[in-house]
Amino acid sequence: MFGVPNAAWGQAAAVEREEGSGGIVITGQSLETEEPALPVQVLAGDALAHRRQGGLGETLAGLPGVHLDNFGGGASRPVIRGQTLPRIEVLTDGANLFDVSSVSPDHAITTDPLLLDSVEIQRGPAAIRYGGNAASGAINLIDSKIPKAAPPGGLTGATEVRYGTGDQEKTVVGRATGGIGQFAIHAEAARRSAEDYEIPDAYGSDRLRDSFAESTSYAAGASWITSKGYLGAAYSRMESEYGLPGHSHVNGVCHTHGLDLHCQAHGGFEDPFGSPDSHTAFIKLRSERVDLRAEYDDPLPGLSHARLRMSYTDYAHDEIDGDLLFTRYTNTVWDGRLELTHKPLLGFTGTLGVQYSDGRFGGINVDDLHKPFPDGAYGLDGYPDYLTRNVGIFLTERRSFGPVDVEAAVRKDWRKIHATVPPFRSTLGAEVQDLFVEWYGPDWRRILEEEEVAAFRARNPAVKHDPFSASLGATWNIGQGYGLAISLAHSERAPSVRELYARGNNLATNSYELGLAVGNPVLEEEGIAAEDVLETAKSVNLTFRKKGGPLEFEVGLFYQDIGDYVFARLIETETATGVPHNFVIYTAADARFAGIDGQVSYAFTPSSRITMFGDYVDAELKRENDNPPRIPPGRLGARYDLVAGPISGDVEYYRTFAQDKVAAYETRTPGYDMLNATLSYRFDLGQAKAVELYLRGSNLLDELAFAHTSFVKNQSPLRGRSVAIGMRHSF
């Protein structure tokens with residue numbers, strides 16, 4: 001684990017400096033409680049504070065093995081080893097974070113990096129503990145909203161103000177934790193506002209239209225703390241409004257005739273907007289969440305630790321084009337997770353866990369919410385919700401055999417998704433009703449309703465999957481800080497809601513999508529049902545690391561052989577509207593992913609360190625005349641960190657190479673150079689009080705850069721040159 005040699009702000013228990021190494025070690029909850037067989041990197045303290053952007057993807061981009069799937073200034077998702085959501089899982093203190101960011105790239109991850117203590121990134125399959133959606137990695141967000149310990153001196157807190165030149169960013173953050181006896185309370189809030197961000201003039205404009213973003217986040221929590229553990233709860237809310245650069249609704253008229261995509265209005269197919277394609281499109285988001293967290297040592301004979309995570313999430317966002325509300329996504333989820341760690345038994349220590357989730361999701365396949373039910377018509381009025389129930393049980397065991405630590409884990413899930421049927425409605429006139437009476441009899445309405453419901457259920461069948469994952473890992477602690485680890489994993493992932501039920505236009509990605517379960521002609525031709533598709537990855541991960549001393553490194557090599565890899569296969573591209581629209585059908589094929597990532601650092605002195613880092617992913621679709629889409633290109637870079645008394649700083653440069661190996665509907669993405677730098681000055685006020693002033697420059701070369709991993713790379717170039725000026729105060 002590597003970081004920069006600066007202390008963290010906020011909750012003191014979250015991170016601490018490792019003497020002489022400049023590394024950051026976790027002292028609170030983490031993805032792994034022991035030395036992991038897979039690479040885990042921690043971003044915390046000043047390194048996190050200086051890198052923070054409005055979204056999680058932008059904040060983590062540039063770390064080894066982590067790239068960016070960006071959509072303007074409001075939505076960005078991390079890409080780990082060539083995969084993004086839903087193949088990586090985002091967690092909040094070890095519990096799943098429920099939003100709709102896995103459904104479409106224009107949907108933001110509902111976390112505010114401004115309020116995080118640290119971020120842990122596991123590269124490699126974490127599906128054993130967190131389910132099949134963590135088949136390629138996991139990101140754990142550590143916060144302070146539920147205190148785990150009484151604050152030193154009875155009160156701790158921090159504030160921060162920040163201004164960014166590239167987008168006129170204005171940020172204010174505040175947090176405080178107070179304690180009385182065995183009770184502690186916490187409150188925090190953040191407000192960020194940013195205009196359209198600057199881009200290099202070579203793009204044809206000096207600002208990216210509709211890349212603005214603003215958000216407000218706040219939380220309040222309280223805990224009862226004992227010598228053996230704590231019990232706490234918190235309420236958090238996030239509101240955000242951000243633009244969708246490059247968004248176009250002209251392809252809302254697109255529809256299919258069999259396997260032919262047609263983008264002209266005729267008959268019952270019409271443009272659901274009927275207005276010029278020049279309005280600003282934006283998302284207005286609200287997410288509320290209630291968390292209950294508890295941990296307790298020695299709860300029962302034979303058990304050393306118990307850990308409980310429960311949450312209720314109520315999420316909704318509106319997608320608005322001009323003054324038209326055309327889509328609303330919702331997601332309400334109850335989730336509970338209990339883990340029991342047993343004391344050593346025959347030399348093994350391990351954790352048995354169970355998880356239950358019950359969710360209601362809605363919003364896909366909708367782009368005409370603004371249109372009322374027509375007169376003289378009949379049919380289902382409204383859109384379905386998709387109900388998901390999932391039960392998972394998992395077990396991890398660990399034992400040391402001299403210098404070798406061995407760990408094994410298994411997880412089994414049972415998941416079912418089914419769609420609710422919207423109500424039937426008729427606005428037929430009297431004359432038409434009389435005709436229906438002649439044709440169907442007096443029960444014509446019931447007969448028509450039954451036909452509509454039967455057709456709906458045929459297009460939206462219930463789907464069950466029972467994925468199973470297992471892993472075996474070994475870490476050889478060679479000595480003098482050296483370690484060699486190998487991990488073998490079998491991970492199974494059930495297709496997501498969009499992969500199953502997509503049937504219509506996704507205007508954010510300029511595509512017409514057809515899912516696995518909605519009368520998919522590719523699967524039907526092969527005689528395959530949606531329940532038969534279970535993405536199965538066999539993975540090998542090798543990690544070589546050294547900790548302590550001037551030289552430190554962690555390098556990971558990985559290989560994944562994936563059966564039934566679910567991807568969007570291009571059928572055709574239609575250009576009748578002037579904006580290319582891709583007709584894609586979700587299907588499954590065998591795939592292979594392999595690569596290397598990591599970093600090596602050398603400390604010239606305890607306060608001066610240079611780090612080399614990089615990553616590379618190679619991927620292919622076996623027996624297909626195509627490549628997987630949006631695979632990140634190779635990258636290589638270096639960073640120099642220096643601390644001189646109260647002054648600290650770093651300079652970072654990396655080269656992202658061109659991506660020439662592309663999917664059928666992609667184009668080559670040129671490479672680019674990125675230069676970033678930070679300078680800070682800390683005023684030590686004594687008694688754990690400090691003030692820090694900092695400057696953070698990003699893309700100082702003002703390069704025109706495009707992320708190949710983005711669905712909208714050409715419409716959404718990366719930020720141009722920008723400088724963030726900030727002040728942080730801790731007490």
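Here the options are Thr536, Ile562, Asp564, Val566, the test is side chain to side chain contact (heavy atoms under 4.5 Å, CB included), and the partner is Arg493; only Val566 passes. Tested against Ser357, the residues Asn390, Asp335, Asp413 include a single side chain to side chain donor-acceptor pair (under 3.5 Å) partner, Asp335. For the side chain to side chain contact (heavy atoms under 4.5 Å, CB included) test with Pro105, the passing option among Leu85, Thr509, Thr84, Asn70 is Thr509; the others fail.
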Given side chain to side chain donor-acceptor pair (under 3.5 Å), test Glu535 with His465 step by step and report yes or no.
CA-CA 11 Å; Glu535 194 171 280; His465 285 98; over 6 Å; no
Is there a salt bridge (Lys or Arg N to Asp or Glu O under 4.0 Å) between Arg123 and Asp597 once you walk through the steps?
CA-CA 9 Å; Arg123 308 191 301 276; Asp597 49 43; 3.0 Å; yes
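Figure legend: cation-pi geometry between Lys546 and Tyr482, with NZ or CZ positioned under 6.0 Å from the six-membered ring centre and within 45° of its axis. Note that Arg630 lies in the cation-pi zone of Phe711, set by a 6.0 Å cut-off to the ring centre and a 45° limit from the axis.
No side-chain heavy atom of Ile139 sits less than 4.5 Å from a side-chain heavy atom of Leu91.
Residues passing the side chain to side chain contact (heavy atoms under 4.5 Å, CB included) test with Ala135 are Ser491, sequence neighbours excluded.
Side-chain atoms of Thr351 and Thr341 form a donor-acceptor pair, as typed in the model, at a separation below 3.5 Å.
A perpendicular orientation is assigned to the rings of His107 and Tyr329, their planes being inclined by more than 60° (bins at 30° and 60°). Classified by interplanar angle (parallel below 30°, tilted 30° to 60°, perpendicular above 60°), the ring pair Phe567/Tyr565 is parallel.
Annotation: Lys538, atom NZ; neighbour count of heavy atoms from other residues, nucleotides and ligands within 6.0 Å does not exceed 12.
When all heavy atoms of Ala474 and Val404 are compared, the pair lying nearest together is CB-CG1, 4.4 Å.
Under a 3.5 Å cut-off, the side chain of Glu499 and the backbone N or O of Ser496 do form a donor-acceptor pair.
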